[in-house]
Structures are given as structure tokens and as C-alpha cells.
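Each chain gets a letter, A, B and so on, in the order its sequence line appears, and its residues count up from 1.
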Amino acid sequence: MSGSRTTEVVSPDTIALRRPRLPRIAPGLLLAWAVILLALLWALLPWIFTSYSGTIGTAGQQLRAPSALHWLGTDQIGRDVYARIIYGARHSLTGAFLAVAVGLLAGTWFGLIAGSVGGWVDDVIMRFVDVMLSIPSLLLSLSIIILLGFGELDAAVAVGIASVARFARLMRSEVVRVRRSDYVEAAFGSGGSFSAVLWRHVLPNSMTAVVSLAALQFGTAILAIATLGFLGYGAPPPTPEWGLLIAEGRDYVATAWWLTGFPGLAVVLVVLAANRISHSFGQEPV
Amino acid sequence: MNAVTPVLELENLAVSYRAPGGWGRVVHDVSFSIGAGEVVALVGESGSGKTTTAQAVIGLLPGNGRRDHGAIRLNGVDIAPWSQSRLDGIRGARISLIPQDPGTSLNPVRTIGSQVAEILSLHHVDRREIPDRVLELLRRVGLSDPGLRVRQYPHELSGGMRQRVLIAIAIALEPALIIADEPTSALDVTVQRRILDLIDELREGHDTAVLFVTHDLGVAADRANRLVIFQGGRIQEQGDTASVLRAPQSPYARRLLADAPAFVKPATRPAPPPPRAGRAAHAIVVDGLVQDFAQGGKAFRAVDGVSFTVPWGTTHALVGESGSGKTTTVRSVVGFNRPSGGRILIDGTDLTQLHGEALRQFRRKIQLVYQNPFASLDPRQSVADIIGEPLLNYDKPSTAERLRKVAALAERVGLDQALLARKPQALSGGQRQRVAIARALVLDPQILVLDEAVSALDVTVQAQILGLLDDLQRELGLTYLFISHDLAVVRGISDTVTVLSQGRVAESGPVEQVFVTPTSPVTRELLDAIPGHRRDSSLPDIAPPSLEGIRP
């Protein structure tokens, strides 16, 4: 019982409490954040990354392969592809943010109401959600955009509406889980009104999983908006939106691969980064 | 020490866990031994290193743990340096483990029979003998109808039956040493007693040594030949059970003994306050309460005509096994269930007739403290927000006024002011329960309902919380409705008691009358099952824990 008096007594409980506080970021996650940060900087301050214009070409520079002058080559009317990707980030990211915002707000609201009110309200909302989920999301956004009319914002809103059902279903299951917990009952027991308990306890404790889905949906939305742009339902030319870039370059795939390859790579990297970040939210100890 | 080689002998065992700042030692130079047919209990609070020591013996330390030095001798052979694959040969065969939680220790997708058979086939028992051996084992651990049980899945069995299956697996190969890690903490007192009796019988039949890990000194006192008392990873004291209990040498053992509810003689109860004008005669009157639940299309009667009254300023205990209807009764009393029949008068108002806003206003008078302080506090709120939240529902005082009240209440329940900014996960179980009590008191209720409010806590913390509740009752004249399966705790805190069984009142009366001259067989069985009961007579009187100076 004498012996090592100098060693600090550390109970297993203490260790378990301490461990999650250490910020230990995986290199992959760091890279993912770097990609997203770069894309955001492109969207906010495109002019500091390139001196070329995103929409006006240079005469006599058509369809040049990547070189020191045009890092990622030029397109059929002499526009710098690197500049177009950078200027396009604003359109693609704004669209994705708008789409996620629409899906997150509407989906959270519907899920919260369905999960907390219950009864026939729950049945009506969730059967509607089931119908939405049974339609492939691209088909759903195409139908919505035909109702809304073509355009950049309309494409984003359409993608957003198509994702409402996913958010609503996840939110409802989280709300149902949280509603059963002792602390929610305790809040009712200490006189909390229905709306006060929803706002103070149910909403904050249900949001973790939903925020993680939002990050995942961000990547999906970029892809979906690019798809709509590619099909011609999104932003009109000459907007340098990423999907539109790929669509415009597809006639030259055989002769000028850089027109489709580099915008495609930009989409892939941002989507992968968003997925990786969303995965890290899921692992975060609450 | 005996001349014969002990079954298990630990010498200067030290274990460390990897922590962010390097290795932290959690078990310091532990030495003890167990002879054949002997039961040695490792007793201590959570985090004291008792489970880690037991895990080290069977070579199952978690991935971030390591043995620093020390010998673990099984029948004289040091197995500490053995590899995992070499240990596999003796685990189950010569050392076996009865795990803590019967709910999660069986594979839910495999039948009972196949799980018992697995241990036999792993250790190369003749394939043709296995089915008969499995049936024989299930019969030996006292499971009725073994032929049916082998085909059943774990979810079809009760907790006590599952624990019997785990015991059958542990004794399958007649090991020399059984490690029982809190084998009954998840079970009711009466089931606990039957399981402990079973372990005793099996030990006597085969001269098996048992290493018994428990936080419950009462259980250890009943069952062990020798006690090893752990605190902070060190042995504080070890010796014969009787001598440790009679004359504990170390201060920690004395503290533990004083806190164990089983050894505490009933405390003096405060006299009920004089009747106050404008109040009904009784704080709580429950009259013919009936509660039906729809279960698979047909009605299931959980509570069947329960009646009791609680005078102002006293403590009434509701006691019973799980499934006896006590939790359902309580949920009706605080207004979470709408009863199918009967009346509940709180301060003369019939709760069952209240709806909506009237019910919400009524909740100020009666507050509930939950069993599990880990689930009843919102993990995202700070302690100050948790305690102050009920105020927002009624008077809506200014922020400064609210924080002042929260700080005053935190002091009253013995919470350090520095904790108020923290989140619940940074608090210990005892601190969390203090937060829950403070939240219940912030509205100045007259009645507090305590649903197993100390069952999830270590004995020492439990004694502190009970002391706090006693202080609060004296200072504020509170009325308590105290729900517990632990009769030893009930005796120390209650004035009157109602024993429930299968939704009906089995017995009711003043606490001493029910304890000393029980009339119902249900009460007698519950009383017999209290751990520490067996040795009660051989013990000197221990004063109830002093109520001063126990706040941290």
C-alpha cells in the first residue's frame, strides 16, 4: 500500500470523461474542410484567384489545352476554364445552400410537428412523406422545376423541396426518441407548456442527426443542381454554373477533355468533402 | 494462510489505463488470495478499481489497459504473462465469469441451448454428450422446463432467468474459480436473493472458489467469507467478514459501513408540522386507484384499487417488486397518467378532474425526482438553466432574480457554485441528483415524489442524498412520497409505508410496525431478501449517518 505515491490515481471514469475533449482531427477530415473552405473563398472572392473573366472569352484562344497561360485550358469561345470554375463556385454553392436551407427548414418543421403532435397529424404528414420518398428525387425535382419555371433559383428550390421528405422522416424519428426521454417529461412536470418544451428541449436535442444530414445533403444538392443545369433546367448560358460547364463541354469530350473533366473534378471533390464532414458530425459525441 | 495452495493468489498486482497525459495507474499493488470453496468479496464504490482487478485476473482488461507488474497465480501457476490464446484454454474451463448485466450478455439472435452448448464445444466436450449436458446444466441452475428453455431466445426469459442461464454457462465445466462481477445489481431484491442462494449452493457442491465483485456491502456481508475493501485502486482493508464488520480498521471501511442502508438502524423522524390554516387534512389521498392499459387488444390492469393517505410533512414509502404497480401509481399521482378509476386528492383537489392549464398550474404543488439522474437532465442545458427552467414556466422573474434564486438553491442542496455553468455530463451521479432535487424545489412545491431517487447511486452518495432529503424535509416541512424496491433505505427515511404486490395493496402502516410485525407474506419475503439481513443480529448497533458535515 506504500509504493508509488507519486502516481496520480486516475479512475477509469475520469479517463472516459476526459478523452472526448481532446481535439484529434483526422487528416482526411482536415483535407475535406480545406476543400470546402477553398470552394467558399472561390464563391466569395473569385477575383483574387484569377485575372480572367468567367464569362468573356479571349479572341484567338479557343479550345487551348491546359498550359502555363490557361492552367485548365480554354473553351470553344476562348474562356478560361479555371476562371469559369472559380466564378461558377458562387452559383453552385449558393444553389446548394438554398436547396439545403429549404429542405432543412421545411423538413425539420414537418418532422417536429409530426413527431410531437402525433395522432392523425402524424399519419397525414408521414403518409405524404412516404409518397414523396417513393418518387426518385431527380424525377421529383424535374417535376417541381417544370411547375416553378426554369432558372437558377428555381432549380435550387426544386432540389430543396425534393429533399424535404428525407429531413422530415429523420427529424420525426429523432423527435419521437427525444420525446420519450425523462428530461422532456420532467420539463412537462415542472409546468412547461407544449411549445416551450418543444423549443427548449425537443428541438435542440433532435438537431444533431439532422445537421449531419444537412451536410450530406449539401453534397447531394450540388450534384442535383449540376444535373439540372446539365439537362438545361438550371441557370441559362453563359452562367458558369458547374453542371452547365459540363453540359457545354460534352460536345468536345473527344477533342477537349478538360472542358468536362475539370468541372467534373470540382463537383466530385466538393461532394466528397461534404460527405466526409457530414460523417464527422455523426461521430461527434453529444 | 492455509498450507495448501490457494486457488487464486494475487501478488502486488498493478494495472494502468492509457490516459491523454500518459499512463494512469488505477490498481496499486493489490494482493489477496482465495482458497477452494471460499468466497472473497471485492467491495468498493464505482471507480475504485475492483472490476479492473477482476478483469485482470481473467485476462480481459480493456484495450487501453495493461498490467504493470505483479503475479496472478492460479493453483500456484503464474498466468499473468500468458498470451491471450493460452488463456483461452483456461477461460471457461478453470476460471469463468458471471457478467453483470443479464440483459446484454446473451446473444439475442441465438437460442439459450446453443449458447450453453457453445462453451462445451469450445472446450472439446464430446459432441454426442452436449445436448444432455445442456439440459442437465439448465436443470441444475433451477430453470423450470429445461426442454422448453433450450429452444427459447433471451428476450423470452426474465432477467432472473437470463442470469441463471449465464450461471449455467459459467459452471458448465466445473471451474476452480468463478468471478461474479455484480451478478445481481440489475435484479430485484427477491430475485437477487434467489440468484445468490444458487451461487452459494453450486459453490458448496463443488468446492469452487468465488471472487465476488460488488458495491453492496450488505450482499458481501451475507455471502463472503472474507472482504477486500477497495478505494482509489488500493486495498484499504481485508479480513474475515465478521471481524471487518465488527471492528473496521480503516476510516474508509468505517465510512462504507456507516453508509450501507442495511446496517443503519431507523433514524428518528421529525415530528409532523402543526396543521396550517387553509390546507386540506392530508397532503395526498389516493382512493381506489385503478389503471388499465391496452395490451395486445385486451385490457391489462396494472393498478387495482390502491388506496393510501399521506399526512403533511411526513414521508410515505411505496414498496414492491418491479411489476407491482408502484411506478404506475406514482405517474398517476403526479398527473402523467389519467387513471381509469378512483380519486387522487392532492391538497384536497382531485387531480383526475384537472385538464390543460388548470393541470399545468397545479403541477407547482407536486414535483417528481427521477430514478436516473443521467436521463432526467437535458444534456444540452447548463446546470443553472436546468434548475431555473421551471421558473420560466410560471412567474417569469427577471434573469438576475432567477440566477439569484438558482444560486441560493444550489447552495441549499450542496452544489458548488462553480458547477452551475457546467453541462450535466461533467457532473458525477450524486451531483446530478442534487441538480434534479434543486430543479424540483425551485417552484417551492409542498410535495416531492421521489421515484427510486437514490437507487442508481453508490452507497456513500446514497447516504449523502438521503441526508440532504432529511434536512430539506425538516427545514421546509416537505411531504415526500418515496418509491423504492430497497426496504433498508425505506426504513431509514419513512414514517409510513405501503407494500404493493401485483397492483394491489399487500400491507400498509407505520414503518416500524410493517418491519417488525409484518402480516403479509409478500412483506415478509421482501424483508428476508434485504442484503445484510442475515448477519444483522451479530452486528453491533451502528448509529445512523450523521446528517452534518456530509455535504461535499
Side-chain angles (χ1 to χ4, degrees), chain A residues 1-25 116-119 174-175 177-211 281 284-286, chain B residues 12 14 16-21 23-26 28-29 46-49 51-52 62 64-65 232-236 331 334-336 357 360-364 366-372 374-381 385-386 389-394 424-426 428 436 439-440 442-443:
Chain A
M1 237 176 287
S2 57
S4 45
R5 277 281 154 84
T6 47
T7 332
E8 190 204 353
V9 179
V10 184
S11 80
D13 295 345
T14 333
I15 297 170
L17 278 178
R18 250 186 235 169
R19 187 169 306 135
R21 285 190 204 146
L22 274 188
R24 201 179 291 160
I25 298 174
S116 52
V117 177
E174 287 294 300
V175 167
R177 178 182 64 83
V178 173
R179 268 215 71 179
R180 268 197 235 114
S181 62
D182 281 355
Y183 58 81
V184 167
E185 198 186 81
F188 281 117
S190 61
S193 63
F194 184 74
S195 53
V197 175
L198 276 198
W199 178 249
R200 285 189 210 130
H201 301 284
V202 178
L203 192 62
N205 282 291
S206 310
M207 284 309 284
T208 312
V210 179
V211 166
F281 284 155
E284 185 187 54
V286 185
Chain B
N12 293 327
S16 294
Y17 281 125
R18 196 186 305 121
W23 289 86
R25 187 161 288 184
V26 294
H28 301 259
D29 301 315
S46 41
S48 62
T51 295
T52 301
N64 60 342
R234 288 187 172 82
I235 293 181
Q236 299 298 323
R331 292 179 56 81
V334 294
F336 286 135
E357 182 60 20
R360 198 180 77 83
Q361 288 298 337
F362 185 78
R363 291 192 196 281
R364 301 187 67 150
I366 180 163
Q367 287 288 308
L368 177 65
V369 177
Y370 288 80
Q371 168 172 17
N372 185 352
F374 291 82
S376 64
L377 307 179
D378 186 339
R380 290 184 170 265
Q381 283 185 314
D385 284 345
I386 291 172
E389 187 186 321
L391 293 172
L392 297 173
N393 297 328
Y394 295 102
Q425 59 262 57
S428 70
R439 171 177 63 185
V442 78
L443 292 172

Test A:Arg200 against B:Asp378 for side-chain contact (heavy atoms from CB on, under 4.5 Å), laying out the working first. CA-CA 9 Å; A:Arg200 285 189 210 130; B:Asp378 186 339; over 6 Å; no

Relative to chain A, which of B:Arg364, B:Gln361, B:Gln367, B:Glu357 shows the most heavy atom pairs under 4.5 Å? B:Gln367

If you compare all heavy atoms of A:Ala186 against all heavy atoms of B:Arg439, which two are closest, and at what distance to 0.1 Å? CB-NH2, 3.4 Å

So, A:Glu185 and B:Tyr370: side-chain donor and acceptor under 3.5 Å apart, yes or no? yes

Let me know if B:Gln381 has heavy atoms under 4.5 Å from chain A in its side chain, its backbone, both or neither. side chain

Shortest non-hydrogen separation from B:Asn393 to A:Ala187 and the atoms involved: ND2-O, 4.3 Å

Compare every heavy atom of B:Pro390 with every heavy atom of A:Ser190, then report the nearest pair and how far apart it is. CB-CG, 3.6 Å

Could you look at B:Leu377 and say if it's the side chain, the backbone, both or neither that has a heavy atom under 4.5 Å from chain A? backbone

N/O donor-acceptor pair under 3.5 Å between B:Arg360 side chain and A:Gly191 backbone: yes

